[in-house]
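These notes concern the structure reproduced below.
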Amino acid sequence: MFVRRSAAVLAATAMIGTAFTPAALADESPGATPSQAFPSALYGSTDPTYDGVWRQSLALLAQDSVDVKPAKKSVDWLVGQQCESGAFAAYRPDPSAKCDAKTKVDTNSTAAALQALEALDASDAVTGAAVKWLKSVQNKDGGWGYFPGTPSDTNSTSVVIGALDAGDTDPKDVPSKDDRTPYDALLGLSVPCDETGGGAFAFQPDKKGALAANPDATAAGVLGALGEGLDADPDDNGTDKASLKASKCAGGDSFTIEDAAANGALYLAGAVAKNGYLKSSLPGAEDQPDYGNTADTVVALAAAGRTADTEKPLAWLEKNSATWAAKSGPAAYAQLIFAANATGTDPRAFGGADLVKQLGTTGPAATSSDASTTPADSKNDKADTSDEDDGGVSLWWIIGVGLVGGIGIGFLLSGRNKKQQP
């Protein structure tokens, strides 16, 4: 979803603390040093410190979505990352060590892991503990921030909603201490129609409480408002799609969560109508295509029933995303698989590429799958991804995390390439 992204790296904030350290951002895609040895069960070959659980979860969820049974050791590795509380951190290099106050558990890693493990029929003890922990760290406004206690944001709230739904828990039945639901939190983050970017979702309010449209948050918010997870199935959410194909932003006193979803989808449709993709940019640099957010937008539009609006961005991804995915790794391949599945496109023939096979080469050989897509390999046979950017984590995302740590606001999504507002 959104969260997409490969995201990850929020624990970085913990290490950045209240100071922003430019040196830490010198390389947006740090690779393993000769002295580092990462788990053989892990997907991706780059340093998992900030996105290990995220990219593993997306990889396993994507494989399950195309009827590929992941290697048992990869599933076991993910389960082993869970703390006694039920929460997950971005990555724990020594799972045998007990989690303590210094273990930076977060909502995004926990929610992504829960979605994957529910899909893979993990034990109720594992998934139930994760649901319980997520409920325990809900904010009073009904939402969630990246770390427990941080202000609610659209991306984190939405990925948790998807996880609760995966765990057979209706988000409407999860009230906060102030009797607010997750949907109440999302409604409060929807930009009013009469303001700039009306209909979109903001990541968070600014210091003055103003809401600014954020495409990344909007893709996440639409899925969250529809109660969908990262691997949204447009044909299985029971929503009246006709009511979501709004041609005009809806508001008023009777504003509902369905209205918020429809408004967000309308905003996204307009955002990709011209070029077929969304953009992101660094200060002083030219705008660049945002592959991950474009993939998430395809999923969100499909979930909202706006099939026609997915055609242009999907075609753009099929033509242009190969290099990005190869560099970004397992989470990126997963995002593209989710986009393909949501639109009824064959992920094994995506712009001439077999996304399922390509994802498979970034991790251990699957236990079973169609013979034509079984990864040939093992960890040692992975394609060279030394330039991989940590499963999709962008420099923008890391910068955002650092700034968040420095100014005390919430975190960008989970996982994805956290984007700057256009």
Side-chain angles (χ1 to χ4, degrees), residues 3 6-11 31-32 36-66 68-99 103-106 108-130 133 163 166-167 230-231 329-334 337 356 359-369 374-375 377-382 385 388 390-393 414-415:
V3 199
S6 325
V9 211
L10 286 145
Q36 291 177 309
F38 301 131
S40 63
L42 185 65
Y43 280 79
S45 60
T46 56
D47 189 341
T49 299
Y50 304 123
D51 76 331
V53 166
W54 179 267
R55 75 193 194 204
Q56 189 83 348
S57 299
L58 266 65
L60 298 179
L61 188 60
Q63 287 193 319
D64 179 78
S65 75
V66 292
V68 171
K69 187 175 181 180
K72 182 178 184 298
K73 69 177 182 178
S74 290
V75 180
D76 290 345
W77 180 87
L78 183 59
V79 171
Q81 287 286 300
Q82 188 175 39
C83 293
E84 293 82 353
S85 65
F88 287 77
Y91 175 67
R92 293 200 297 135
D94 182 9
S96 66
K98 287 191 175 183
C99 300
T103 305
K104 294 297 180 180
V105 295
D106 68 81
N108 285 223
S109 297
T110 303
L114 176 56
Q115 291 189 45
L117 293 173
E118 279 286 359
L120 295 167
D121 296 322
S123 74
D124 290 343
V126 170
T127 57
W133 182 81
L230 297 167
D231 61 336
Y333 285 123
I337 288 173
V356 179
L359 171 59
T361 63
T362 69
T367 298
S368 65
S369 67
T374 301
D377 139 315
S378 96
K379 195 81 172 176
N380 293 331
D381 296 326
K382 288 183 181 180
T385 54
E388 187 178 85
D390 286 28
V393 179
S414 46

side-chain contact (heavy atoms from CB on, under 4.5 Å) between Val356 and Tyr333, worked out:
CA-CA 8 Å; Val356 179; Tyr333 285 123; over 6 Å; no

Taking it one step at a time, do Ser40 and Lys73 satisfy side-chain contact (heavy atoms from CB on, under 4.5 Å)?
CA-CA 9 Å; Ser40 63; Lys73 69 177 182 178; 3.4 Å; yes

Could you go step by step and tell me if Val75 and Leu117 meet the side-chain contact (heavy atoms from CB on, under 4.5 Å) rule?
CA-CA 8 Å; Val75 180; Leu117 293 173; 4.2 Å; yes

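The shortest distance between side-chain heavy atoms of Leu78 and Ser57 falls below 4.5 Å.
Between the CG atom of Asp51 and the CG atom of Asn108 there is a distance of 12.0 Å, given to the nearest 0.5 Å. Put simply, CG on Leu120 and NZ on Lys72 are 12.5 Å apart, with the number rounded to the nearest 0.5 Å. Put simply, CG on Leu58 and CD1 on Ile337 are 10.0 Å apart, with the number rounded to the nearest 0.5 Å.
A distance-only check finds a donor-acceptor pair linking the side chain of Thr110 to the backbone of Phe88 [under 3.5 Å]. Side chain of Gln56 to backbone of Tyr43: a donor-acceptor contact under 3.5 angstrom is found. Here the side chain of Gln81 pairs no donor or acceptor atom with the backbone of Val53 at under 3.5 angstrom.
Between Gln115 and Asp231, the shortest heavy-atom distance links the atoms OE1-OD1, 4.5 Å. For Leu359 against Ala62, the heavy-atom pair with the smallest separation is CD2-CB, 3.9 Å. Between Asp106 and Ala89 the shortest heavy-atom distance is OD2-C, 3.9 Å. The two atoms that bring Gln63 and Gly360 nearest to each other are NE2-CA, 4.1 Å, heavy atoms only. Taking both residues in full, the closest heavy atoms of Thr103 and Cys83 are given as CG2-SG, 4.0 Å, listed atom of the first, atom of the second, then distance. When all heavy atoms of Pro70 and Leu60 are compared, the pair lying nearest together is CB-CD2, 3.4 Å.
With sequence neighbours left out, the side chain to side chain donor-acceptor pair (under 3.5 Å) criterion links Ser74 to no other residue. For Asp124, there are no salt bridge (charged side-chain N to carboxylate O under 4.0 Å, His left out) partners two or more places apart in sequence or in a different chain.
Residue pairs satisfying the side chain to side chain donor-acceptor pair (under 3.5 Å) criterion with at least one member in residues 89-99, sequence neighbours excluded, are listed as follows: Asp94-Ser96.
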